[in-house]
K.L.:
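The structure is given below, and queries will be raised subsequently.
Quick note on labels: first sequence line is chain A, next is B, and so on, each numbered from 1.
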Protein chains: 2
Amino acid sequence: MEIRIGDLAKRSGCEVVTIRYYEKEGLLPKPARSGGNFRLYGEAHIERLQFIRHCRSLDMTLSEIRALLGLRDNPMQDCGEVNTLLEAHIQQVEMRVSALLQLKRHLVDLREKCSGSRSVEACGILQGLGNRNCHGESATNSQTSG
Amino acid sequence: MEIRIGDLAKRSGCEVVTIRYYEKEGLLPKPARSGGNFRLYGEAHIERLQFIRHCRSLDMTLSEIRALLGLRDNPMQDCGEVNTLLEAHIQQVEMRVSALLQLKRHLVDLREKCSGSRSVEACGILQGLGNRNCHGESATNSQTSG
DNA sequence: AAAAACTCTATAGTCGCTATAGAGTCAAGT
DNA sequence: ACTTGACTCTATAGCGACTATAGAGTTTTT
Ligand SMILES: [Zn+2]
Ligand SMILES: [Zn+2]
Ligand SMILES: [Zn+2]
Ligand SMILES: [Zn+2]
């Protein structure tokens with residue numbers, strides 16, 4: 001059961017170049033080669049690539065995935081690290097969600113500011129964007145002394 | 001009122017290199033130079049950079065910001081485009097939020113799968129990640145025929 | 001004058017791919 | 001055997017929005 005890179009791409013829903021990229025990044029082990037130097041993949045590669053794609057669909061970074069693969073490759077280990085990693089990832093996602101929601105609220109506020117007037121000059125949106133006190137910059141920026 | 005790049009950076013809460021980058025990208029006009037070839041900025045630059053940073057804090061891309069600046073530079077125009085751009089941006093943010101929420105739900109489901117067992121091999125999380133049917137791939141992937 | 005702090009340009013790196021160029025390989029048709 | 005076409009190979013550059021570095025020059029402070 002040896003398939004070529006194109007078939008693997010089809011099976012995994014991932015581009016050929018991406019597969020080669022994963023190989024270069026050390027996520028996929030180097031496969032056997034045919035006489036004509038084509039990559040030949042087996043079941044293990046297929047399954048591993050699906051694992052990677054699954055993790056990617058969950059927005060994990062390649063380095064998170066590398067860590068998970070490393071754990072998977074040593075099945076005798078304690079799975080505590082898996083939990084830790086997943087937990088950290090969930091928190092990252094949560095943080096991004098709340099940041100985006102705050103963002104959206106601000107954007108919607110901004111949208112209200114255009115009273116449907118005509119000129120750009122009078123548009124409340126652009127005025128709002130030009131106003132530095134429009135929304136709190138306290139979160140990221142705490143060094144005001146100088 | 002001419003300030004140097006470092007002061008502008010402090011005022012705008014943005015790195016020196018980033019300011020130079022904005023200049024190269026055409027978002028900030030080339031400033032005057034001192035005898036020693038240092039950039040010298042005036043009020044207009046400060047205000048414009050604050051506008052840019054404000055937009056960036058709303059996660060707008062530089063090309064969206066470029067468009068807004070272009071509109072702002074021609075104040076007689078109709079502000080309809082401003083609205084359109086903002087509306088599109090809000091929708092993008094909304095889409096990202098819902099994608100992230102779906103993601104989070106999946107991640108939380110996954111987290112439940114680890115029953116606190118010990119070995120990585122038996123960990124439900126890794127098993128879940130290895131299972132291609134774990135979550136619907138119908139959204140992105142519709143070409144199953146071949 | 002010397003040291004520290006700032007600025008200059010140019011270049012490469014980040015992440016997770018995507019796109020391109022130019023060459024080689026393979027299977028099918030004639 | 002020859003050609004066509006689909007596939008694959010390596011190597012390199014580009015995306016976006018920066019960040020980091022090197023090596024030189026300028027200004028300010030001591
Ligand atoms: Zn308006
Ligand atoms: Zn604001
Ligand atoms: Zn577990
Ligand atoms: Zn899943």
K.L.:
Provide, to the nearest angstrom, the distance between the CG atom belonging to A:Leu49 and the P atom belonging to C:dC17.
P.N.:
11 Å

K.L.:
When we call it a touch if two heavy atoms are under 4.0 Å apart, what does B:Glu25 touch: a base, just sugar-phosphate, or nothing?
P.N.:
nothing

K.L.:
Phosphate oxygens OP1/OP2 of D:dA17: is one of them under 4.0 Å from a side-chain N or O of B:Tyr22?
P.N.:
no

K.L.:
Would B:Arg72 and B:Phe51 count as a cation-pi pair here, with the cationic atom under 6.0 angstrom from the ring centre and within 45° of the axis?
P.N.:
yes

K.L.:
In whole angstrom, what separates A:Ile19's CD1 from D:dC9's P?
P.N.:
10 Å

K.L.:
Round to a whole Å and report the spacing from CG of A:Leu40 to P of D:dC7.
P.N.:
16 Å

K.L.:
So, is B:Arg33 close to the C:dT7 phosphate, meaning a side-chain N or O under 4.0 Å from OP1 or OP2?
P.N.:
no

K.L.:
Going by an N to O cut-off under 4.0 Å, is there a salt bridge joining B:Glu47 and A:Arg132?
P.N.:
no

K.L.:
Can you confirm whether the side chains of A:Arg53 and A:Tyr22 place a donor and an acceptor under 3.5 Å from each other?
P.N.:
yes

K.L.:
OP1 or OP2 of C:dA19 sitting under 4.0 Å from any side-chain N/O of A:Arg20?
P.N.:
no

K.L.:
When you measure from the side-chain N and O atoms of A:Thr18 to the phosphate of C:dT18, is any distance below 4.0 Å, counting only OP1 and OP2?
P.N.:
yes

K.L.:
Are A:Lys104 and B:Asp59 within salt-bridge range, i.e. N to O under 4.0 Å?
P.N.:
no

K.L.:
How many whole angstroms separate atom OH of B:Tyr41 from atom C1' of C:dC8?
P.N.:
12 Å

K.L.:
Using the closest heavy atom to pick a nucleotide of DNA chain D for each, name whichever of B:Glu15 or A:Gly36 lands nearer the 5' end.
P.N.:
A:Gly36

K.L.:
Take the protein atom OH of B:Tyr21 and the nucleotide atom P of D:dA20, then report the distance between them rounded to whole Å.
P.N.:
15 Å

K.L.:
Tell me: NZ of A:Lys24 to P of C:dT18, nearest whole Å?
P.N.:
14 Å

K.L.:
OP1 or OP2 of D:dT26 versus the side-chain N and O atoms of B:Arg39: is any pair under 4.0 Å?
P.N.:
no

K.L.:
Within the 4.0 Å heavy-atom criterion, would you say B:Arg4 contacts the bases, only the backbone, or no part of the nucleic acid?
P.N.:
sugar-phosphate

K.L.:
Remember a base hit wins even if backbone is also touched, and classify A:Arg66 as base, sugar-phosphate or nothing at under 4.0 Å, heavy atoms.
P.N.:
nothing

K.L.:
Over how many whole Å does the gap from A:Asp7 atom CG to C:dA27 atom C1' extend?
P.N.:
14 Å

K.L.:
On the nucleotide C:dG16, are OP1 or OP2 found under 4.0 Å from the side-chain N or O atoms that A:Arg53 carries?
P.N.:
no

K.L.:
Give a yes or no answer on whether the side chain of A:His89 reaches the backbone of A:Leu58 with a donor-acceptor pair at less than 3.5 Å.
P.N.:
yes

K.L.:
Using atom CD of B:Glu64 as one end and atom C1' of D:dG16 as the other, report the distance to the nearest whole Å.
P.N.:
12 Å

K.L.:
Taking the side chain of B:Leu62 as its heavy atoms from C-beta onward, which of D:dA17, D:dG25, D:dC7 lies nearest to it?
P.N.:
D:dA17

